[in-house]
Amino acid sequence: MFTPDKDLTTISLLMRKDEPLLELLNLKGADAVTIAKRIIKRSQWSDLATSERRLCVYFLPDRRMRNESFKQSVLQVDCHVPATQDYIAYRVLERVYTLLHRKKLNKRYIFFDGQLGELPTMQGFFCAGSRFEFKRII
């Protein structure tokens, strides 16, 4: 079933309710609007401040499978932190792995597809990412 908005919303809400993740992102006790501004469902933004930590969750192009009735959907999670806090980005990704790997979300199992290591980001920041995948019937 093709429900990308529902899938992103489910994953985003799972992350926004996880206390250990919120603590790593300096969002413990923050209001829902602040949390929503820092755990976002896209890869682009225009408002990163000098000390913020941000988590981006978004889809990449689907991959073909041998059986044409299925597609492999790819979800990428990027964590942006100030450059001096690079270790925090990896801790955030470890927590995201715990939240998502082998979990059933919207009637589909999601699996870790590998880490991406260091990714480009704004000057003065560090970014690391991971990918997850699940099978979608079309």
Side-chain angles (χ1 to χ4, degrees):
M1 190 145 221
F2 185 68
T3 56
D5 182 57
K6 182 179 178 183
D7 297 334
L8 278 179
T9 300
T10 300
I11 292 166
S12 176
L13 289 174
L14 178 70
M15 292 177 179
R16 291 176 188 181
K17 293 178 181 180
D18 185 68
E19 289 297 323
L21 183 62
L22 294 177
E23 191 169 335
L24 284 167
L25 293 170
N26 285 339
L27 292 171
K28 189 172 184 177
D31 61 87
V33 173
T34 301
I35 293 170
K37 288 180 181 178
R38 303 268 292 283
I39 300 176
I40 63 173
K41 300 186 294 183
R42 61 186 178 281
S43 65
Q44 308 268 330
W45 69 88
S46 61
D47 63 337
L48 195 59
T50 58
S51 64
E52 282 186 1
R53 298 173 184 174
R54 176 152 303 161
L55 194 61
C56 302
V57 182
Y58 55 96
F59 282 112
L60 295 174
D62 284 351
R63 298 174 183 160
R64 291 183 182 180
M65 298 187 67
R66 286 183 183 217
N67 183 336
E68 293 180 11
S69 298
F70 293 90
K71 291 288 184 187
Q72 182 182 36
S73 291
V74 181
L75 180 79
Q76 185 159 322
V77 180
D78 298 340
C79 182
H80 300 262
V81 297
T84 58
Q85 301 171 4
D86 56 339
Y87 62 97
I88 296 291
Y90 289 116
R91 289 181 185 171
V92 167
L93 292 177
E94 288 173 16
R95 185 64 194 162
V96 170
Y97 171 89
T98 301
L99 288 173
L100 297 182
H101 181 59
R102 294 185 178 183
K103 300 299 189 291
K104 192 171 188 177
L105 300 168
N106 295 337
K107 299 181 183 179
R108 290 181 228 110
Y109 283 96
I110 189 167
F111 297 94
F112 180 69
D113 194 36
Q115 74 156 330
L116 302 172
E118 186 174 347
L119 299 170
T121 189
M122 295 174 52
Q123 185 172 352
F125 281 81
F126 175 85
C127 178
S130 295
R131 286 189 180 158
F132 295 84
E133 59 90 12
F134 59 91
K135 309 302 187 271
R136 186 188 304 273
I137 299 172
I138 57 169

Does any part of the side chain of [Y], heavy atoms only, come nearer than 4.5 Å to the side chain of [X], both counted from C-beta?
{"X": "F126", "Y": "I88", "value": "no"}
{"X": "R53", "Y": "H80", "value": "no"}
{"X": "Y97", "Y": "S130", "value": "no"}
{"X": "M65", "Y": "K71", "value": "no"}
{"X": "L75", "Y": "D7", "value": "no"}

Worked verdict on V92 versus V77 for side-chain contact (heavy atoms from CB on, under 4.5 Å): CA-CA 10 Å; V92 167; V77 180; over 6 Å; no
Same apolar cluster (I L V M F W Y, side chains within < 4.5 Å links), [X]/[Y]:
{"X": "Y87", "Y": "V81", "answer": "yes"}
{"X": "L116", "Y": "L93", "answer": "no"}
{"X": "F111", "Y": "V57", "answer": "no"}
{"X": "I40", "Y": "M15", "answer": "no"}

Distance-only polar pair, side chains of S12 and R16, donor-acceptor under 3.5 Å: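 Per modelled atom types, S12 and R16 side chains form a pair under 3.5 Å.
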Donor-acceptor side-chain pairing of T121 and R54 below 3.5 angstrom: no
side-chain contact (heavy atoms from CB on, under 4.5 Å) evaluation trace for F70 with I137: CA-CA 5 Å; F70 293 90; I137 299 172; 3.3 Å; yes
Side-chain cluster (under 4.5 Å, hydrophobic types only) that Y58 belongs to, other residues: L60, V74
Backbone N/O of L25 and side chain of R38: donor-acceptor pair under 3.5 Å: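 Pair found, side chain donor or acceptor close to backbone of L25.
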To the nearest 0.5 Å, how far apart are [atom1] in [X] and [atom2] in [Y]?
{"X": "S73", "Y": "R136", "atom1": "OG", "atom2": "CZ", "value": "3.5 Å"}
{"X": "L8", "Y": "L13", "atom1": "CG", "atom2": "CG", "value": "10.5 Å"}
{"X": "K6", "Y": "I11", "atom1": "NZ", "atom2": "CD1", "value": "12.0 Å"}
{"X": "L22", "Y": "L55", "atom1": "CG", "atom2": "CG", "value": "10.0 Å"}
{"X": "L119", "Y": "S43", "atom1": "CG", "atom2": "OG", "value": "11.0 Å"}
{"X": "F125", "Y": "C79", "atom1": "CZ", "atom2": "SG", "value": "11.0 Å"}

Looking at every non-hydrogen atom in both residues, tell me the closest pair between [X] and [Y] and how far apart they are.
{"X": "Y90", "Y": "E118", "result": "OH-N, 4.1 Å"}
{"X": "C127", "Y": "P120", "result": "CB-O, 4.2 Å"}
{"X": "F134", "Y": "Y109", "result": "CB-O, 3.2 Å"}

Salt bridge (charged side-chain N to carboxylate O under 4.0 Å, His left out): pairs with one or both residues in residues 81-104, sequence neighbours excluded: D18-R95
side-chain contact (heavy atoms from CB on, under 4.5 Å) evaluation trace for T98 with L21: CA-CA 10 Å; T98 301; L21 183 62; over 6 Å; no
side-chain contact (heavy atoms from CB on, under 4.5 Å) assessment of D5 paired with K41: CA-CA 9 Å; D5 182 57; K41 300 186 294 183; 3.9 Å; yes
